[in-house]
2 protein chains.
Amino acid sequence: MIDPHEILCTHFDRYLALDEVERNALRERSSVRRLKKRGFLLQEGEVCKSYAFVVEGCLRMYEMDEKGVEHNLQFALENEWIVDIGSFHAEKPSSLFIEALEPSTVICIEHADLLYLYTEHPKFDRNFRVIIEDQFVELQQRMLRRNASSAEQRHAHFVEQHPALAARVPNVHIASYLGVTPEFLSRLKSKTSKGR
Amino acid sequence: MIDPHEILCTHFDRYLALDEVERNALRERSSVRRLKKRGFLLQEGEVCKSYAFVVEGCLRMYEMDEKGVEHNLQFALENEWIVDIGSFHAEKPSSLFIEALEPSTVICIEHADLLYLYTEHPKFDRNFRVIIEDQFVELQQRMLRRNASSAEQRHAHFVEQHPALAARVPNVHIASYLGVTPEFLSRLKSKTSKGR
DNA sequence: CTGATCCCTTGACCTGGATCAAGGTCATTT
DNA sequence: AAATGACCTTGATCCAGGTCAAGGGATCAG
């Protein structure tokens, strides 16, 4: 299997590619972590200590409300980042959970290490800015859709935009991500498949 | 009245404060623009050309759906930023509108100028990264609330967190921002005020 | 002063989606 | 191989919030 760090460095090639020095700094300041299915990278009440890059597997980030119902905020597949940025930067306890939906391999960068990378190698500032801008734009569009479209339209859009997730992730979690109950999602699916 | 650029520079003091050189560069690479009530900073189909900082006034960013219904995505008051980042960076046509709800004064930074600032003065990369991270965290929380709370709870939270907006902005726009109809928001308000 | 616009409210009725309950199928554990 | 638990489905019923329609008070332009 390929070296996880190679995968991460290749990922940065999509932005401003890293040079040798930066690659080495990144290698030294990050660590590989393996999670088994249903393992937690973060639990409510803890400070989110790692900015995590998914090398392999699938994770979800969610909040649990007073009634114990979970609300999925984000999924992360291979080559995606997952972190509670608020908790991570403020070093305050998080209200979120990050859980592996499959056995997963992630690369973790801790707070002090990321600060080091930011200040010693400004390219990281740039790259992480662009990465989060992209995520921000996606989240804005999702917010708009949440307010402007029906559950059926949101689900159709999700399946179209994220076929890999639709195939790998249980419907319960997709329902929660879309903001509907699993029962209703089930009805939606049976309706649309009957349409064909 | 105070120089708008002063206000912008002061705003950056909340992050990594700018030195003389950076302040001058910023002044040279930005421009002040005044909008009258109902004036547009961006209209659907145009490329979003300015990263805008509100010096005075109040703006909203929204999308219009096929039926002509508007969906508010964001408000911006004094000392806040407003831009369709997706359109701005990709230099692609936007699907959004940015409209002044009051006579407003904004400072605009155009695409080429911001790139210049980013590359010549890395502190801007840093500061804009932090600014957008903060906005991202807020948007995540809003998304969670949208899926986890009732309209009544969301409205109560909005009034509590944004009293200035609740006072300055017509209810139609707040309703759209919260994802409910103006009629229903009106009922919510009359219910809660009767509670006292 | 006088229409136009906005903007808000209230009523009557309707519907998308929630809730509750039950049963069914796998896959994992023991 | 039985038992547990995760996941999906379907039915019956309910309700938060939408839709449509009408009226009324501000505010602003001519």
Side-chain angles (χ1 to χ4, degrees), chain A residues 36-40 58-60 62 64-72 75 97 99-103 145-159 165-195, chain B residues 36-39 58 60 62 64-72 75 97 99-103 145-159 165-195:
Chain A
K36 45 187 178 182
K37 187 168 175 173
R38 248 156 243 156
F40 286 102
C58 177
L59 322 209
R60 69 178 176 125
Y62 65 93
M64 188 177 289
D65 67 21
E66 333 74 57
K67 293 178 204 133
V69 180
E70 299 171 1
H71 301 275
N72 288 140
F75 295 111
F97 298 79
E99 181 201 37
L101 295 174
E102 305 173 1
R145 262 193 311 277
R146 176 71 240 246
N147 283 344
S149 311
S150 69
E152 185 167 6
Q153 291 170 320
R154 279 178 276 137
H155 176 245
H157 182 270
F158 179 85
V159 172
L165 280 174
R168 280 165 79 168
V169 171
N171 283 320
V172 199
H173 292 138
I174 293 172
S176 158
Y177 179 87
L178 294 174
V180 297
T181 57
E183 293 94 330
F184 190 67
L185 179 58
S186 172
R187 284 180 238 264
L188 284 183
K189 295 186 81 168
S190 73
K191 188 170 70 160
T192 54
S193 68
K194 229 173 280 165
Chain B
K36 46 186 178 183
K37 188 170 174 171
R38 246 155 245 156
C58 177
R60 69 176 175 127
Y62 66 93
M64 188 177 288
D65 68 22
E66 332 75 57
K67 292 177 206 136
V69 180
E70 298 171 2
H71 301 274
N72 288 140
F75 295 111
F97 298 79
E99 182 201 36
L101 295 175
E102 305 173 1
R145 262 193 311 278
R146 175 72 241 241
N147 284 344
S149 311
S150 69
E152 185 167 8
Q153 292 170 320
R154 277 178 277 139
H155 176 246
H157 182 270
F158 180 85
V159 172
L165 281 173
R168 281 165 78 169
V169 171
N171 282 320
V172 200
H173 292 139
I174 294 172
S176 157
Y177 179 86
L178 293 173
V180 298
T181 58
E183 292 94 330
F184 190 67
L185 179 59
S186 172
R187 284 180 237 265
L188 283 183
K189 294 186 84 167
S190 74
K191 189 171 66 159
T192 54
S193 68
K194 229 172 280 166

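Quick note on labels: first sequence line is chain A, next is B, and so on, each numbered from 1. Since we're looking at a predicted model, the values are computed, not measured.
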ask   = Rounded to the Å, how far apart are A:Lys36 NZ and C:dT28 P?
value = 15 Å
inquiry  = Please enumerate all residues that pass salt bridge (Lys or Arg N to Asp or Glu O under 4.0 Å) together with A:Arg146, with sequence neighbours excluded.
reply    = none
ask   = Rounded to the nearest 0.5 Å, how far does CZ of B:Arg145 lie from CD of B:Gln153?
value = 10.5 Å
task = Mind checking side-chain contact (heavy atoms from CB on, under 4.5 Å) for B:Lys67 and listing every partner two or more places apart, or none if nothing turns up?
result = B:Asp65, B:Val69
message = Side-chain N or O of B:Asn171 versus OP1/OP2 of C:dC7: is the shortest distance under 4.0 Å?
response = no
inquiry  = Once salt bridge (Lys or Arg N to Asp or Glu O under 4.0 Å) is applied, do any residues pair with B:Glu183, and if so which ones, sequence neighbours excluded?
reply    = none
request  = Tell me which nucleotide among D:dT10, D:dC7, D:dC20 gets nearest to the side chain of A:Arg38.
outcome  = D:dC7
Shortest non-hydrogen separation from B:Leu185 to B:Leu178 and the atoms involved = CD1-CD1, 4.5 Å
query = Could you give the distance from NZ (B:Lys37) to CD (B:Glu102), rounded to the nearest 0.5 Å?
reply = 7.5 Å
Separation of C:dC8 P from B:Glu183 CD (nearest whole Å) = 11 Å
task = Taking all non-hydrogen atoms of both residues into account, name the closest pair between A:Ser176 and A:Asn72 and its distance.
result = OG-N, 2.7 Å
task = State, to 0.1 Å, how close B:Ala166 and B:Ile174 come at their nearest heavy-atom pair, and which atoms those are.
result = CA-CD1, 3.8 Å
request  = Check the distance between C:dG17's P and B:Arg146's CZ and give it to me in whole angstrom.
outcome  = 10 Å
So which protein nitrogen or oxygen atoms get under 3.5 Å of nucleotides 28-30 of chain D's nitrogens or oxygens?
none

note = As a check of understanding: the bend across the helix from C:dC1-D:dG30 to C:dT30-D:dA1, end axes from five pairs, rounded to 10 degrees, works out to 40°
Please write out the pairs of protein N or O atoms and N or O atoms of nucleotides 13-18 of chain D separated by less than 3.5 Å, giving the distance to one decimal.
from, atom 1, to, atom 2, distance (Å)
D:dG17, OP1, B:Ala151, N, 3.1
D:dG18, OP2, B:Thr181, N, 3.3
D:dG18, OP2, B:Thr181, OG1, 3.2

request  = Check whether any side-chain heavy atom of A:Arg60 lies under 4.5 Å from a side-chain heavy atom of A:Phe75, and answer yes or no.
outcome  = yes
inquiry  = Tell me the interatomic distance from A:Asn147, atom CG, to C:dG17, atom C1', rounded to whole angstroms.
reply    = 16 Å
key: Parallel, tilted or perpendicular: rings of A:Tyr62 and A:Phe40 (30°, 60°)   = tilted
ask   = Just how far, in rounded Å, is P of C:dT19 from CG of A:Asp65?
value = 10 Å
task = Could you tell me which non-hydrogen atom of B:Phe184 sits nearest to which non-hydrogen atom of B:Ala151, and how far apart they are?
result = CE2-CB, 3.8 Å
request  = Grab the CD1-C1' distance between A:Ile174 and D:dC8 for me, whole Å please.
outcome  = 13 Å
ask   = In whole angstrom, what separates A:His155's NE2 from D:dC8's C1'?
value = 13 Å
